[in-house]
Amino acid sequence: MSAAFKASPCPTLQRRAEFLCVAAKGRKAPVHGLVLQALPRDDTGPARFGFTVTKKVGNAVVRNRTRRRLKEAARLLFAASPMIGVDLVLIGRDATRGRDFLDLQDDIRRAMRKVGVA
RNA sequence: CCAGACGGCCGGACGACCGCUGGCGGGGGCAACUCCGCUGGAGGAAAGUCCGGGCUCCACGGAAAUACGGUGCCGGCUAACGGCCGGCGAGGGUGACCUCAGGGAAAGUGCCACAGAAAAUAAACCGCCGGCGCGAUUUCGGUCUCGCAGGCAAGGGUGAAACGGUGCGGUAAGAGCGCACCGCGCCCCUGGCAACAGGGGCGGCAGGGUAAACCCCACCGGGAGCAAGACCGAAUAGGGGUGGCCGGCGAGGCGCGAAAGCGUUGACGCAGGGGCAUUUCCGCCCUGUCAUCCGGGUUGGUCGCGUCAGGCGCGCAGCGAUGCGCGUCGCAGAGGAAUGGUCGUCUCGUUGUCGUGCAAGCGAUGGCGGACAGAACCCGGCUUACAGGCCGUCUGGCAAG
RNA sequence: CGGAGCGUAGCGCAGCCUGGUAGCGCAUCAGUCUGGGGGACUGAGGGUCGUGGGUUCGAAUCCCGCCGCUCCGA
């Protein structure tokens with residue numbers, strides 16, 4: 001883990017308005033294991049993350065597990081290669097829960113290329 | 001051994017690597033924060049939000065009544081409850097056991113489709129019975145059709161339900177008309193705190209069902225909810241105070257003066273200026289400026305926020321719910337929301353293959369699966385969901401001793 | 001956290017309060033009119049009344065427990 005990342009651990013989007021902003025103005029990339037929304041910012045702060053799982057995916061236990069897998073996959077991925085100046089929203093879907101963990105990480109990498117921020 | 005009833009309990013285990021978060025200790029930093037170590041970190045339902053409380057704010061002089069809502073056999077337990085325990089009654093089951101339920105239908109009002117004569121002041125469709133009259137017939141005893149005025153409710157038929165039931169007697173036919181038993185009502189006695197049960201006597205039956213129809217009776221309930229509530233409090237806009245400076249006209253106020261008048265005054269009006277995209281008119285809104293202070297208050301932050309109707313063990317009392325005593329333990333605290341991610345070994349269930357065996361089975365190996373479900377202020381219940389498994393008590397059946 | 005409402009035929013609704021027959025429109029099917037289509041007319045079929053219990057002689061309707069959906073308020 002890089003010292004820079006550790007010094008300021010991956011911050012999260014907090015408010016509903018920020019999520020809506022990313023959804024409205026950002027770019028969107030659906031892949032098998034998730035949907036990625038990305039919105040570049042005009043600063044050089046570390047990338048901020050938001051995780052969303054809708055009620056359609058399942059009950060609270062299923063949603064929790066889906067979100068935690070996304071979170072962990074993102075953590076491992078961006079600890080290895082940190083990013084700056086972008087807000088990322090990862091949206092869980094049905095397949096997220098059963099997806100092989102390595103495939104899920106690949107999904108995130110592919111989605112990053114698709115939105116053009118990788 | 002098989003089938004079943006009831007009660008209680010568990011809710012995969014261990015390890016490795018990488019993380020999140022609370023507390024404590026230590027180091028660094030003015031601080032925010034950060035690093036290291038130790039330690040804690042989801043459930044029996046955390047769920048649904050159906051009840052009862054704690055807590056907080058609001059309202060309120062006390063009490064009662066009305067309205068509304070809820071509850072409803074009896075006794076007990078409990079902080080309280082619509083909960084729990086024990087008992088009573090009714091229904092179901094061969095049984096262990098399960099399910100249901102307040103009283104009042106004579107306080108009153110309403111409803112009971114279709115069918116049926118009649119659905120609640122009772123009434124009489126087919127009928128039954130004797131009497132009278134006309135007629136027919138006759139073996140002269142009667143028998144039958146029709147009509148009239150009566151008696152009856154046993155039988156038929158309808159219905160979920162027909163104004164007690166069954167039997168015997170009785171009668172012209174019948175009828176609680178009489179009797180026996182059952183049911184029902186009233187009174188008394190016995191047992192029980194009581195619900196109620198048992199027994200005796202009397203009554204000759206009056207009072208169909210429905211109150212999870214309106215309702216009557218008894219008891220309970222003030223309202224809202226941790227987004228309660230308390231504190232801190234940025235930027236911007238707006239409110240108010242004080243002071244300095246600038247400022248056209250008028251009204252009014254104040255001061256001086258006998259008056260004219262003069263001075264003063266940002267609380268009024270007008271003018272002037274600005275805004276409502278632009279122009280004209282109309283309309284509406286804002287309006288001197290600078291400094292400083294005050295109060296309210298949004299985003300945000302802090303608290304509320306983890307020591308209690310607490311868990312466990314033992315003893316005592318009680319059939320039990322539960323209570324009392326002693327000992328012991330400290331046991332989640334997030335806030336787009338921690339309690340995890342990945343992997344391995346084992347375990348459990350299921351299934352395939354192979355070996356062995358007459359078989360039950362045993363051994364090896366592989367696949368798949370491991371439920372329901374995530375604290376959001378806390379607690380007591382209820383309800384609902386749940387793979388698989390364990391323990392205990394009891395019932396029925398089969399076999400053996 | 002608190003509150004309100006809905007679920008009935010393929011679709012949209014009524015019936016529920018006041019319990020006994022489930023009805024309306026569109027759609028579907030058949031027939032007639034027309035050379036055919038469209039259209040009109042006539043007729044027919046189609047409903048576990050979301051689900052499980054209870055009350056009642058009888059429940060879509062009354063009562064209770066669940067399931068799903070929608071909408072408010074803080």
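Only this structure's heavy atoms are used, side chains among them; waters, hydrogens and symmetry mates stay out.
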Chemist: With D94(A), which of V62(A), T66(A), V57(A) fulfils side chain to side chain contact (heavy atoms under 4.5 Å, CB included)?
Modeler: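 It is V57(A); the other options fail the test.
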Chemist: What's the gap between G315(B) and U302(B) when it is taken at their C1' atoms, as a whole Å value?
Modeler: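 Comparing C1' positions in G315(B) and U302(B) gives a spacing of 49 Å.
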Chemist: Whenever both distances are under 3.5 Å in a Watson-Crick or G-U wobble pair, mark it; put RNA chain C into dot-bracket that way, with [ ] for crossing pairs and | when the partner is on another strand.
Modeler: (((((((..((((......[..)))).((((((.....)))))).....(((((..]....)))))))))))).
Chemist: Using the side chain to side chain contact (heavy atoms under 4.5 Å, CB included) definition, which of the options V53(A), L70(A), I91(A), T52(A) pairs with L34(A)?
Modeler: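 The option that passes is L70(A).
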Chemist: If every non-hydrogen atom of L90(A) is compared with every non-hydrogen atom of F49(A), which pair is closest and at what distance?
Modeler: CD1-CD2, 4.2 Å
Chemist: If you restrict it to nitrogen or oxygen atoms, what contacts under 3.5 Å exist between nucleotides 65-74 of chain C and the protein, and what is each distance?
Modeler:
none

Chemist: Applying side chain to side chain contact (heavy atoms under 4.5 Å, CB included), name anything that partners Q105(A), two or more places apart in sequence or on another chain.
Modeler: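 For Q105(A), the residues satisfying side chain to side chain contact (heavy atoms under 4.5 Å, CB included) (neighbours in sequence not counted) are A73(A), L76(A), L77(A), F101(A), L102(A), R109(A).
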Chemist: Hey, which of these two, L76(A) or F101(A), hits RNA chain B nearer its 5' end, going by closest nucleotide?
Modeler: L76(A)
Chemist: Starting at atom CG of L104(A), determine the distance to atom P of G341(B), rounded to an integer number of angstrom.
Modeler: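 L104(A) atom CG is separated from G341(B) atom P by 13 Å.
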Chemist: Is G327(B) in the syn range, within 90° of 0, or in the anti range?
Modeler: anti
Chemist: Which label fits C331(B), syn or anti, where anti is any glycosidic angle not within 90° of 0?
Modeler: syn
Chemist: Output the rounded distance in Å from CZ (R99(A)) to P (U342(B)).
Modeler: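 After rounding, the reported distance stands at 14 Å.
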Chemist: For N59(A), check side-chain hydrogen bond (donor to acceptor under 3.5 Å, both in side chains) against everything at least two apart and list the hits.
Modeler: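 If we apply the side-chain hydrogen bond (donor to acceptor under 3.5 Å, both in side chains) test to N59(A), skipping adjacent residues, there are no hits.
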Chemist: When the distance from CZ of F49(A) to P of C20(B) is rounded to whole Å, what number comes out?
Modeler: 14 Å
Chemist: Tell me which of A73(A) and T52(A) sits closer to the 5' end of RNA chain B, going by the nucleotide each one is nearest to.
Modeler: T52(A)
Chemist: In whole angstrom, give me the gap between the P atoms of A101(B) and G61(B).
Modeler: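 Going atom to atom, P in each nucleotide, I get 44 Å.
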Chemist: Using whole Å, report how far CD1 of I108(A) lies from C1' of U342(B).
Modeler: 14 Å
Chemist: Could you state the CZ-P distance from R75(A) to C20(B), rounded to the nearest angstrom?
Modeler: 7 Å
Chemist: I'd like to know if the side chain of R69(A) reaches the main chain of T96(A), judged simply by a donor and an acceptor atom lying under 3.5 Å from each other, with no hydrogens or angles considered.
Modeler: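 Confirmed, R69(A) side chain pairs with T96(A) backbone.
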Chemist: Please report the shortest heavy-atom distance between A38(A) and V115(A), naming the atom on each side.
Modeler: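 Residues A38(A) and V115(A), closest heavy atoms: CB-CG2, 4.0 Å.
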Chemist: Check the chi torsion on G141(B) and let me know: syn if it falls within 90° of 0, anti if not.
Modeler: syn
Chemist: Under 4.0 Å between any heavy atoms, over every strand shown, what does R68(A) touch: base, sugar-phosphate, or nothing? Just pick one.
Modeler: base
Chemist: In whole angstrom, give me the gap between the P atoms of A5(B) and U94(B).
Modeler: 15 Å
Chemist: What's the NZ-P distance between K71(A) and C18(B), to the nearest Å?
Modeler: 19 Å
Chemist: Taking syn as a glycosidic torsion within 90° of 0 and anything else as anti, which one is A106(B)?
Modeler: anti
Chemist: Name each donor-acceptor pair under 3.5 Å that joins a side chain in residues 19-33 of chain A to protein atoms two or more places apart or in another chain, with its distance.
Modeler:
residue, atom, partner, partner atom, Å
H32(A), ND1, R99(A), NH1, 3.1

Chemist: Could you check which residues of residues 54-61 of chain A get a heavy atom under 4.0 Å from RNA chain B? Sort them by number, please.
Modeler: N59(A), A60(A), V61(A)
Chemist: NA contact type, R63(A), heavy-atom cut-off 4.0 Å: base, sugar-phosphate, or nothing?
Modeler: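 Since no nucleic acid heavy atom lies under 4.0 Å of R63(A), the category is nothing.
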Chemist: Nearest whole Å is fine: how far is G19(B) P from L77(A) CG?
Modeler: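 Between P of G19(B) and CG of L77(A): 15 Å.
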Chemist: Does G44(B) sit syn or anti, given that only angles within 90° of 0 count as syn?
Modeler: syn
Chemist: Can you tell me, in whole Å, how much space there is between the C1' of C217(B) and that of C205(B)?
Modeler: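 Result for the C1' pair: 29 Å, nearest Å.
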Chemist: Could you state the CZ-C1' distance from R69(A) to U342(B), rounded to the nearest angstrom?
Modeler: 9 Å
Chemist: Give a yes or no on this: more than 12 heavy atoms of other residues, nucleotides or ligands lie within 6.0 Å of atom CZ of R97(A).
Modeler: no
Chemist: Rounded to whole angstrom, note down the P distance from A234(B) over to G263(B).
Modeler: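 Result for the P pair: 47 Å, nearest Å.
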